[in-house]
Asker: 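I have a structure here, written as structure tokens, and I will follow up with some questions on it.
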Amino acid sequence: MQYGTKLLARSALAIALSTFGSAYALADCATRHFYNHSNINWILIMGEGGSCSDGPTGNIPVCNFKPGQFGEIHYKSTFAKDAAGIAIPAAIAAATKNPGALANIKPPERGKLTIVSDDGGKTYPAHSFTIRNGPTTCYLEHDGNTGNVVLNDPAEGDIQTCGRKTVVTKEGNYDCH
């Protein structure tokens, strides 16, 4: 009888630990997406530890999305203890065809991201947003109108740029202004 009680107690402990581990894993955001509907490049700069993928290059801190392109956003590592291993200022310079275009942009803090259009910020000047991470959500916080970007659409954590549906973009929502 004692053996059965010990086995039952150990089984309950194993279930509790696996449930805890599963709940902890849910705190990470699912892979989200950046959709560039415009006819210009857009740059996404992830805060310390965050990453994105803009084509064959993946899990980098700065991505340059070409017109009509979409890519991945990886929020789950945004709150990790270690940085992604690439110096963000150097990655900012490497992400744009004109390294001076982002010279005055301050890298976002942990738990934030920055979006800027790669036309010297004319279409969209650099703007940072806080990532609200939780067990079932990954929401980009904003106050009111975000101008030429749409946040959290079609899913929480997604980002869409301005731009009309064209042969190049194939999708879009509104003209850039």
Side-chain angles (χ1 to χ4, degrees), residues 22-80 84 86 88 91-92 95-96 101-102 105 107-177:
S22 298
Y24 181 74
L26 286 175
D28 292 342
C29 297
T31 297
R32 301 308 325 142
H33 297 93
F34 188 102
Y35 302 94
N36 182 358
H37 301 303
S38 74
N39 60 357
I40 60 171
N41 289 9
W42 286 73
I43 298 172
L44 175 65
I45 308 164
M46 298 300 293
E48 182 183 339
S51 65
C52 52
S53 302
D54 61 2
T57 307
N59 296 319
I60 55 178
V62 180
C63 288
N64 191 329
F65 298 101
K66 294 174 176 55
Q69 181 184 15
F70 75 94
E72 294 181 350
I73 306 170
H74 310 286
Y75 293 118
K76 69 179 185 175
S77 60
T78 302
F79 302 98
I86 300 174
I88 291 177
I92 290 172
T96 179
L102 299 177
I105 295 180
E109 301 168 10
R110 179 183 300 269
K112 291 188 174 204
L113 59 79
T114 298
I115 305 167
V116 62
S117 60
D118 194 18
D119 59 358
K122 288 184 226 165
T123 303
Y124 198 76
H127 192 88
S128 290
F129 297 99
T130 298
I131 304 161
R132 185 170 27 131
N133 189 9
T136 59
T137 188
C138 192
Y139 184 80
L140 296 170
E141 294 181 3
H142 58 86
D143 294 322
N145 189 341
T146 57
N148 283 325
V149 297
V150 177
L151 304 178
N152 304 308
D153 185 43
E156 288 187 346
D158 282 349
I159 301 167
Q160 295 191 52
T161 71
C162 56
R164 287 277 180 206
K165 185 174 185 175
T166 68
V167 175
V168 174
T169 63
K170 298 188 177 35
E171 294 183 35
N173 42 17
Y174 61 95
D175 289 331
C176 296
H177 53 317

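Numbers for residues simply follow the sequence, beginning at 1.
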Asker: Around atom CZ of F70, are there more than 12 heavy atoms of other residues, nucleotides or ligands at under 6.0 Å?
Answerer: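 No, CZ of F70 has 12 or fewer neighbouring heavy atoms, counting only those of other groups under 6.0 Å.
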Asker: Of all the heavy-atom pairs spanning G157 and N152, show the shortest one and how long it is.
Answerer: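 Residues G157 and N152, closest heavy atoms: N-OD1, 3.0 Å.
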Asker: Kindly compute the distance separating CE (M46) from SG (C63), expressed to the nearest 0.5 Å.
Answerer: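 So the gap between those two atoms works out to 8.5 Å.
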Asker: Could you grab the distance from atom CD of E109 to atom CD1 of I131, nearest 0.5 Å is fine?
Answerer: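 Rounded to the nearest 0.5 Å, the CD-CD1 separation comes to 11.5 Å.
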Asker: Please examine the side chains of D118 and I40, heavy atoms only from C-beta on, and report whether any two atoms are closer than 4.5 Å.
Answerer: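 Result no, sub-4.5 Å side-chain heavy-atom pair not found.
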Asker: Can you name the side chain to side chain contact (heavy atoms under 4.5 Å, CB included) partners of E72, sequence neighbours left out?
Answerer: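 Listed in chain order: T31, H33, S53, H74.
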Asker: Look only at the side chain of S38 and the backbone of G163, and say whether a donor-acceptor pair between them is shorter than 3.5 Å.
Answerer: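 Answer holds: no.
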Asker: To the nearest 0.5 angstrom, please state how far the NE2 atom of H37 sits from the CH2 atom of W42.
Answerer: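 Spacing of NE2 (H37) from CH2 (W42) equals 11.0 Å.
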Asker: Hey, are the side chains of P67 and N41 touching, using non-hydrogen atoms and a 4.5 Å cut-off?
Answerer: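 They are in contact (side-chain heavy atoms under 4.5 Å apart), so the answer is yes.
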Asker: I'd like to know if the side chain of Q69 pairs up with that of N36 as donor and acceptor (distance under 3.5 Å, no hydrogens or angles considered).
Answerer: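 No, no side-chain donor-acceptor contact under 3.5 Å.
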Asker: For T114 versus S128, what's the shortest heavy-atom pair and its separation?
Answerer: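 Shortest heavy-atom separation between T114 and S128 comes out as OG1-OG, 2.6 Å.
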Asker: Over all heavy atoms of both residues, which pair between K112 and T130 is shortest? Give the atoms and the distance, please.
Answerer: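 For K112 and T130, the tightest heavy-atom pair comes out as CE-OG1, 3.3 Å.
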Asker: Determine, step by step, whether I60 and S51 satisfy the side chain to side chain contact (heavy atoms under 4.5 Å, CB included) criterion, reporting the C-alpha distance in whole Å, the side-chain angles of both residues, the deciding distance to 0.1 Å, and the verdict.
Answerer: CA-CA 5 Å; I60 55 178; S51 65; 5.9 Å; no
Asker: Who pairs with F129 by side chain to side chain contact (heavy atoms under 4.5 Å, CB included), at least two apart in sequence or on another chain?
Answerer: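 With sequence neighbours excluded, F129 shows a side chain to side chain contact (heavy atoms under 4.5 Å, CB included) to L113, I115, Y124, H127, H142, T146, L151, given in chain and number order.
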Asker: Describe, in one word, how the ring planes of F65 and F34 are oriented to each other, choosing from parallel (under 30°), tilted (30 to 60°) and perpendicular (over 60°).
Answerer: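 Parallel.
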Asker: For a 4.5 angstrom cut-off between non-hydrogen side-chain atoms, does V62 reach L44?
Answerer: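 No - every pair of side-chain heavy atoms lies 4.5 Å or more apart.
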Asker: For a 4.5 angstrom cut-off between non-hydrogen side-chain atoms, does P154 reach Q160?
Answerer: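 Sidechains of Q160 and P154: in contact.
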Asker: C138 and Y75: which non-hydrogen atoms are nearest, and at how many Å?
Answerer: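 The pair with the smallest heavy-atom distance is SG-CD1, 3.1 Å.
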Asker: When rounded to the nearest 0.5 angstrom, what is the spacing between CG in D153 and CG in L140?
Answerer: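 Nearest 0.5 Å value for the CG-CG distance: 11.5 Å.
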Asker: Could you grab the distance from atom CD1 of I105 to atom CD1 of I45, nearest 0.5 Å is fine?
Answerer: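 One gets 4.5 Å once the value is rounded to the nearest 0.5 Å.
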Asker: Given 3.5 Å as the limit, does a donor-acceptor pair link the side chain of D54 with the main chain of G71, or not?
Answerer: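 Between the backbone of G71 and the side chain of D54 there is no qualifying donor-acceptor contact (under 3.5 Å).
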Asker: Does the pair D158 and Y35 meet the rule for a side chain to side chain contact (heavy atoms under 4.5 Å, CB included), with working shown?
Answerer: CA-CA 8 Å; D158 282 349; Y35 302 94; 4.0 Å; yes
Asker: Look at the side chain of N148 and the backbone N and O of H177, then say whether any donor-acceptor pair between them is shorter than 3.5 Å.
Answerer: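 Yes; judged by distance alone, with no hydrogens or angles, the pair exists.
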Asker: Going from CD1 on I73 to SG on C52, what distance comes out if it is rounded to the nearest 0.5 angstrom?
Answerer: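 Rounded to the nearest 0.5 Å, the CD1-SG separation comes to 7.5 Å.
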